[in-house]
Protein chains: 2
Amino acid sequence: MSRLTAAPLHTPPFHLGEDMTEDDVHRHIAEAIIDRRLPPGTKLVEQNLATIFSVSRARVRSALTRLAHEKMVTVEPNRGARVATPSVEEARQVFEARRLIEDGIVRAAAARMDTDARAKLEAHVAAEADAHRRRDRHAVIRLSGDFHLLLADIAGNIVLMDFLRELVSRSSLVIAVYERPGSTDCSHHGHDGLLNRLIAMDVEGAAAAMAAHMDEIADSLDLSSHREDGVDLRRVFADILKDSP
Amino acid sequence: MSRLTAAPLHTPPFHLGEDMTEDDVHRHIAEAIIDRRLPPGTKLVEQNLATIFSVSRARVRSALTRLAHEKMVTVEPNRGARVATPSVEEARQVFEARRLIEDGIVRAAAARMDTDARAKLEAHVAAEADAHRRRDRHAVIRLSGDFHLLLADIAGNIVLMDFLRELVSRSSLVIAVYERPGSTDCSHHGHDGLLNRLIAMDVEGAAAAMAAHMDEIADSLDLSSHREDGVDLRRVFADILKDSP
DNA sequence: TGGGTCGTGATTGTCGACAGTCATGTCAAC
DNA sequence: GTTGACATGACTGTCGACAATCACGACCCA
């Protein structure tokens with residue numbers, strides 16, 4: 001049984017004919033961003049989305065502002081919304097925060113393991129392996145993040161789970177921008193070793209495995225900052241502008 | 001100088017005549033909640049707030065939904081918004097999350113201390129002592145929370161600072177609901193000892209002092225759950241309802 | 001041809017109005 | 001006096017329309 005009455009991790013099957021609520025719009029866009037079907041920088045025009053989902057523009061608008069609060073899209077005044085492209089510094093801070101919170105979560109989860117939690121985790125890891133076998137890239141990405149949220153669910157702290165949910169989403173954006181070209185797809189093997197430690201209720205071992213897993217992900221990125229996203233030309237040539245306004 | 005270009009901690013002086021932006025409305029309400037001028041459970045009627053701030057109802061509405069995302073108000077469909085009254089379980093989880101994040105922040109801050117950070121912290125503690133001397137309850141509450149946010153600023157991680165900002169706000173609500181009647185007002189002495197450890201760049205000592213400070217706050221609460229807020233009559237008499245539907 | 005200016009279409013920001021829903025008070029019947 | 005139905009008022013939810021702003025291409029001039 002589920003310990004928490006938290007929101008479902010992903011959108012339930014959607015029947016055409018009913019009109020979508022704001023929550024549905026939010027989830028559909030969020031999932032598309034996390035799956036990387038919507039790459040960073042993509043313009044999100046309100047009217048387009050409204051006609052696609054056949055809802056009013058106002059509903060799309062509030063979904064976008066909510067996504068902006070969650071740092072998945074950026075909104076510039078009078079210039080609309082885009083899928084966020086995290087900076088190098090932001091990427092570092094997201095992973096630093098994630099190391100801290102994942103450590104707290106994995107320790108709590110290790111202490112609360114039981115047969116039910118074990119069954120869920122094993123089933124999830126199996127599903128990950130299956131998605132990997134099927135070469136379903138989107139499913140691999142989504143399930144990889146869900147593993148960590150499942151751990152948070154077992155840990156039993158809704159506040160931390162909400163924080164982690166945001167961090168997992170932002171991590172997906174970071175990976176989309178800074179993934180090293182030759183890196184293997186989202187190492188899911190790290191979850192295996194972690195699961196073994198959890199089953200043994202080895203708190204320190206599980207925490208160490210999680211730390212290693214985080215390092216593994218961070219190492220697959222190229223944060224050497226040569227890829228400075230969104231260079232502001234006005235700032236680069238500020239001195240010239242001063243000379244000849 | 002400030003390390004981060006984060007949002008200001010509190011509302012800048014507001015000049016009448018200009019019309020408020022949504023951000024202003026949000027900040028004014030948030031501050032009133034954190035200062036406990038708006039106690040938990042207070043109904044927040046959109047039209048009232050709109051006339052008070054002389055803005056349109058839509059603007060108040062979006063400010064309220066943002067406050068709802070930050071868990072400072074609860075919104076029931078068709079029944080409007082109220083200042084949130086956290087449950088006992090939520091209170092526990094907020095403080096558990098806060099222990100974790102404050103630990104990470106204080107360690108980072110201790111490692112990054114310099115003369116500028118020291119000056120800011122000393123000035124802040126002095127301001128806290130002054131507010132305490134003046135018996136300015138609202139200022140004491142606000143400054144007490146700001147001390148922790150200043151620490152997060154020194155730590156230099158915007159992501160963690162945003163998380164902590166939410167946790168500090170929610171802590172204020174928890175204290176408003178569960179404060180033990182005879183407890184002294186928001187122990188500000190804990191900040192003194194913490195500051196000494198930070199100046200010495202004693203990471204472990206600072207972390208221990210922070211942990212003690214968190215315990216101190218938690219001990220001033222009465223979470224024995226006899227004060228179950230918002231008893232649901234239907235749940236209390238669920239068995240009777242089953243017998244005679 | 002390069003560069004600057006202006007207009008036009010597209011997109012966002014904001015507001016007021018109306019419909020839907022809930023709470024409260026009134027009144028009649030028992 | 002109590003209970004139930006009903007009416008009324010207040011509040012929220014939603015949408016469409018209009019204003020403000022921006023991006024982009026056409027046009028003109030040197």
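Chain identifiers are assigned alphabetically (A, B, ...) following the order of the sequence lines, protein sequences preceding nucleic acid strands; residue numbering begins at 1 within each chain. Every value quoted in this text rests on a predicted model; they were computed, and no experiment measured them. For the numbers below, each heavy atom of this structure counts, side chains included, while hydrogens, waters and symmetry mates do not.
With rounding to whole Å, B/F53 atom CZ is found 19 Å from C/dT14 atom C1'. For B/R57 and C/dC15, the CZ to C1' distance is 11 Å, given to the nearest whole Å. Note: CG (A/D23) to C1' (D/dG13) measures 15 Å, nearest angstrom. Remark: C1' of D/dT12 and CG of B/N48 are 13 Å apart, rounded to the nearest angstrom. B/E76 places its CD atom 14 Å from the C1' atom of D/dC11, with the value rounded to the nearest Å. Spacing between atom CD of A/E46 and atom P of D/dT21 amounts to 17 Å, rounded to whole angstrom units. One can place NZ of B/K43 at 9 Å from P of C/dT24, the figure rounded to the nearest angstrom. Per the geometry, CD belonging to A/E22 stands 12 Å off C1' belonging to D/dT14, to the nearest Å.
A salt bridge between B/E96 and B/R92 is absent, with no side-chain N of the basic residue lying under 4.0 Å from a carboxylate O of the acidic one. Between B/D23 and B/R66 there is a salt bridge, with a side-chain nitrogen of the basic residue lying less than 4.0 Å from a carboxylate oxygen of the acidic one. Between B/E70 and B/R165, no side-chain nitrogen of the basic residue sits less than 4.0 Å from a carboxylate oxygen of the acidic one, so the salt-bridge criterion is not met.
Heavy-atom distances to DNA chain D give each of B/G80 and A/P77 a nearest nucleotide, and the one nearer the 5′ end belongs to B/G80.
Among the heavy atoms of the strands lying under 4.0 Å from B/R59 are primed sugar atoms or P, OP1, OP2 only; no base atom is included. Note on A/L64: nothing from the nucleic acid sits closer than 4.0 angstrom, heavy atoms only.
Here D/dC15 is the nucleotide among C/dA23, D/dC15, D/dC22 with the atom lying nearest to any side-chain atom of A/A58. Closest contact between the side chain of B/N78 and the listed nucleotides C/dT14, C/dT11, C/dT21 involves C/dT21. The nucleotide whose nearest atom lies closest to any side-chain atom of A/S56 is, among D/dC15, D/dG13, C/dA23, D/dC15.
Contact annotation: B/R79 does not reach the phosphate of C/dT21 (side-chain N/O to OP1 or OP2, under 4.0 Å). Side-chain nitrogen and oxygen atoms of B/R61 include at least one within less than 4.0 Å of the OP1 or OP2 phosphate oxygen of D/dG13.
With rounding to the nearest 0.5 Å, the separation of CD in B/E22 from OG1 in A/T65 is 7.5 Å.
The aromatic rings of B/H124 and B/F147 sit tilted, their planes meeting at an angle between 30° and 60°.
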